[in-house]
Amino acid sequence: DTGVSQDPRHKITKRGQNVTFRCDPISEHNRLYWYRQTLGQGPEFLTYFQNEAQLEKSRLLSDRFSAERPKGSFSTLEIQRTEQGDSAMYLCASIPGLAETGELFFGEGSRLTVL
Amino acid sequence: AQKITQTQPGMFVQEKEAVTLDCTYDTSDQSYGLFWYKQPSSGEMIFLIYQGSYDEQNATEGRYSLNFQKARKSANLVISASQLGDSAMYFCAMRGMDSSYKLIFGSGTRLLVRP
């Protein structure tokens, strides 16, 4: 069983460009989460899906950010008109529907650098 | 609102010695879960240990134990017999009663193990 995978691992872009990150959760995990982690800080919750439904969005998720999980499997996180403040690690995590403890299984993250 | 506080930005420990990483939390929920994750330089968040608020015994997982003091709202991580591979960032996190299962993280502690 493979873990959570994220692509690309690293992305360097110029301010104003659009970027998209992909997350493939552990198979049969019906909940998927996106977090953002800036340097020296802990991960901050952005949004989560149960199957294909986006159930919660943080106030951190401005209108330049959009996340989708069209078939309830992989998810994408798109950032439009990137700004230097968007530079961060974007972490994806998943969890099965019936989770005893609720530990999230994380991917290795996608690091974004906006020049 | 839930909050996690980690007051130690950085810690040193000698190899083979024990170390305690501090974590305090704040929540109005009666039922909650507390987690510790390790983040090596590769970026992946690795689950270490979980403590439920109603668990009477402190959780242990190998060399990791969680010193849970409910009245003081503290959930310190104890690592025994430190190894060089334990050098990493360590994050305390909590989950409340809502159905989202999302975790709220502290700002982390960087642990360096000296040979």
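Numbered from 1 within each chain, the chains take letters A, B, ... in sequence-line order. This one's a predicted model, so the numbers in the text were calculated from it and none came from an experiment. Quick note: numbers below take in every heavy atom, side chains included, and nothing from hydrogens, waters or symmetry partners.
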Enquirer: Using non-hydrogen atoms and a 4.5 Å limit, figure out which bit of A:L55 sits close to chain B: side chain, backbone, both or neither.
Expert: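 For A:L55, there is no contact with chain B at all, as no heavy atom is under 4.5 Å.
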Enquirer: Select one option (side chain, backbone, both, neither) describing which atoms of A:Q50 are under 4.5 Å from chain B's heavy atoms.
Expert: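 A:Q50 has no heavy atom closer than 4.5 Å to chain B.
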Enquirer: Which residue out of B:A93, B:G108, B:S107, B:G52 racks up the most heavy-atom pairs below 4.5 Å with chain A?
Expert: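 Most pairs with chain A among the choices: B:S107.
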Enquirer: Within 45° of the six-membered ring axis of B:F35 and under 6.0 Å from that ring's centre, is NZ or CZ of B:R95 located there?
Expert: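 Negative - B:R95 is either too far from the ring of B:F35 or too far off its axis.
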Enquirer: Are B:Y25 and B:C92 side-chain neighbours, meaning at least one heavy-atom pair lies under 4.5 Å?
Expert: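 No, too far: nothing below the 4.5 Å cut-off.
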Enquirer: Look at A:E44, A:R31, A:R9 and state which one has the largest set of heavy-atom pairs under 4.5 Å with chain B.
Expert: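 Option with the greatest count: A:R31.
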Enquirer: Side chains of B:S42 and A:E108: any donor to acceptor distance under 3.5 Å?
Expert: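 Not at all, the side chains of A:E108 and B:S42 share no donor-acceptor pair under 3.5 Å.
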Enquirer: Taking the six-membered ring of A:Y48, is the NZ or CZ of B:K102 close enough (under 6.0 Å from the centre) and on axis enough (within 45°)?
Expert: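 No cation-pi geometry.
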Enquirer: Is there side-chain contact between B:F105 and B:Q6, with at least one heavy-atom pair below 4.5 Å?
Expert: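 No, their side chains stay 4.5 Å or more apart.
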Enquirer: Given that the side chain runs from C-beta out, which part of B:Q39 has a heavy atom under 4.5 Å from chain A: side chain, backbone, both or neither?
Expert: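 Side chain only.
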Enquirer: Where on A:E56 is there a heavy atom nearer than 4.5 Å to chain B: the side chain, the backbone, both, or neither?
Expert: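 The side chain, not the backbone.
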